[in-house]
Amino acid sequence: MPAKFGFLSTYPPTQCGLATFNAALATHLNTGGTSGVVRLLAGDSVSGGIELDRAAPRVVHTWHTGTPGGWQAAANALNRFDVAIIQHEYGIYPGDAGDEVLPLLRALRIPSIVVLHTVLSNPDPLQRRVLERIGAAADALVTMTDTARQRLSGGYDVDPRKISVIPHGAGSRAGAPREDHDRPHLLTWGLLGPGKGIEWAIRALARLGDLEPKPVYTVAGRTHPKVLEQFGDVYRDSLKELAASLGVADQIVWADAYLEEADLTRLIRSADVVLLPYDSTEQVTSGVLIEAVGAEIPVVATEFPHAVELLADGPGLLVPHQDPEAMAVAIRRALAEPRMPGRLTGLAGGPTLRWPAVAARYQALAGRLLPALAAPVPA
């Protein structure tokens, strides 16, 4: 009988990468069994005119993170399933460094798999303590890159036998038709905010002024809701001012929207190069990176850990952080060599990993946990 999976995560229509990841995993694990989602919801239930707390597919309970003690009802909801799959990011759970996930884990009576979207190389003491306690309470830990696994096993007091590496899944976008266009199309997408490094991509674009026809650079995505709440659109406005000062404002398209899957697929497949100019040296997981590679679009990325691991032998070029000259050189090469290797690597050059294959690995991990925790109760 197929296992019934309970998921704990942000979830659509919440607009973030974690919600998108969880929705895709839940969809591909819902094969014959019954899955359910306990949705994390911060603040008001209305955002951008969308009633976030309305009934949604698979949502069995909403944990309003502003409500004290909400973890208890969330744990009760998850206990109705066979296995709990819990997405972890420091910013989504209440408490200091998100420590309210800990009593929830301890209250579970079913096997738990915690998916770690961030593993910091230099955490503060509280972040380290919370993650180590998550490792102690969970039955299994999943990282999406070998870099994250090495950080976790080497830098934290966590049982390495609990750790599995299961890469981020990629959608089936490569089969969508390519759109014809007259000018080279550069693309960055995802929630916008400081640290995305868009300013370096704009400076790189300004160094491509001799190209004919001139490239068009699309920056697609809304400002991150937390950034918007605290600072408004200061970052986006500063980018527009920079583009104007460099004379490339007419080459940039600002798509200030969260795109539905069909629209996102068309946009990705219209790109000649995907730019990931991120400032972070910590990012061990990037859904945008995996989707770009899976769509067989050449990537130019800064040397953040996931890019280093995935692109070392794959379809893209690495450049130093905050180096627009190197980025411009890489863009020129990517445009000149559109037939860069187009395979999606998994682990150390492993096979293509689409969502069905990724879900199968979670299913296998759950299968290893269930027999060990289903021992007969002594008479």
Side-chain angles (χ1 to χ4, degrees), residues 1-42 50-65 71 73-89 92-93 101 104-105 108 110-118 138-144 164-173 258-262 264-265 285-288 290-291 294 353-370:
M1 187 177 202
K4 296 184 296 182
F5 291 94
F7 297 86
L8 176 63
S9 177
T10 56
Y11 193 69
T14 298
Q15 297 172 348
C16 71
L18 209 69
T20 302
F21 174 91
N22 191 71
L25 182 58
T27 295
H28 288 93
L29 272 176
N30 189 38
T31 54
T34 302
S35 67
V37 176
V38 174
R39 179 172 51 194
L40 290 155
L41 192 59
I50 300 173
E51 181 68 28
L52 295 181
D53 200 24
R54 67 175 185 228
R58 300 197 187 93
V59 172
V60 297
H61 177 74
T62 298
W63 177 0
H64 293 275
T65 55
W71 61 267
N76 291 341
L78 290 171
N79 277 328
R80 300 202 296 266
F81 297 90
D82 298 319
V83 179
I85 297 181
I86 295 163
Q87 311 301 333
H88 179 264
E89 185 69 84
I92 66 172
Y93 295 100
V101 72
L104 176 137
L105 281 167
L108 292 178
I110 59 174
S112 59
I113 299 170
V114 177
V115 184
L116 302 174
H117 290 256
T118 296
D139 295 295
L141 300 169
V142 170
T143 66
M144 287 181 251
S164 297
V165 181
I166 304 179
H168 194 300
S172 300
R173 303 186 196 274
Y258 193 89
L259 300 175
E260 298 296 333
E261 278 299 300
L264 181 59
T265 295
T285 303
S286 170
V288 172
I290 207 85
E291 290 290 356
L353 282 168
R354 304 292 177 186
W355 273 114
V358 169
R361 294 178 68 167
Y362 278 92
Q363 184 80 55
L365 176 57
R368 292 199 298 270
L369 295 176
L370 281 167

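Note: hydrogens, waters and symmetry copies are ignored here, and every other heavy atom, side chains too, is used. What you are looking at is a predicted structure, and each value in this text was computed from that prediction instead of being measured.
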What is the ring orientation for H117 with F21, classed by angle as parallel under 30°, tilted 30 to 60°, or perpendicular over 60°?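 Ring orientation, 0 to 90° scale: perpendicular.
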Say you draw a straight line from [atom1] of [X] to [atom2] of [Y]; how long is it, rounded to the nearest 0.5 Å?
| X | Y | atom1 | atom2 | result |
| --- | --- | --- | --- | --- |
| L29 | W355 | CG | CH2 | 9.0 Å |
| L105 | I86 | CG | CD1 | 4.5 Å |
| L365 | I113 | CG | CD1 | 4.0 Å |
| I92 | Q87 | CD1 | CD | 7.5 Å |
| I110 | F5 | CD1 | CZ | 10.0 Å |
| R58 | F7 | CZ | CZ | 8.0 Å |

Give the intermediate values and the outcome of side-chain contact (heavy atoms from CB on, under 4.5 Å) for residues T14 and L41. CA-CA 8 Å; T14 298; L41 192 59; 4.1 Å; yes
Closest heavy-atom contact between [X] and [Y]?
| X | Y | value |
| --- | --- | --- |
| A170 | G294 | CB-CA, 4.3 Å |
| A366 | V83 | CB-CG2, 4.1 Å |
| A138 | S112 | CA-OG, 3.4 Å |
| L78 | V38 | CD2-CG2, 3.7 Å |
| S9 | L18 | OG-O, 3.8 Å |
| H168 | I290 | ND1-CG2, 3.4 Å |

Just jot down the side-chain hydrogen bond (donor to acceptor under 3.5 Å, both in side chains) partners of E291, sequence neighbours excluded, or say none.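 Listed in chain order: R173.
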List the residues meeting side-chain hydrogen bond (donor to acceptor under 3.5 Å, both in side chains) with T118, not counting sequence neighbours, and say none if there are none.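 With neighbours one apart ignored, the set is E89.
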Taking [Y]'s backbone N and O only, do any of them form a donor-acceptor pair with [X]'s side chain (distance below 3.5 Å, no angle check)?
| X | Y | value |
| --- | --- | --- |
| N79 | L108 | no |
| R39 | A19 | no |
| T65 | Y93 | no |

Taking side chain as C-beta onward, heavy atoms only, is L8 less than 4.5 Å from L104?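 Yes, at least one pair of side-chain atoms sits under 4.5 Å.
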Can you sort out the partners of T20 under side-chain contact (heavy atoms from CB on, under 4.5 Å), two or more places apart, ordered by chain and number?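 Here the qualifying residues are Y258.
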Apply side-chain contact (heavy atoms from CB on, under 4.5 Å) to R361 and V142, showing your working. CA-CA 11 Å; R361 294 178 68 167; V142 170; over 6 Å; no
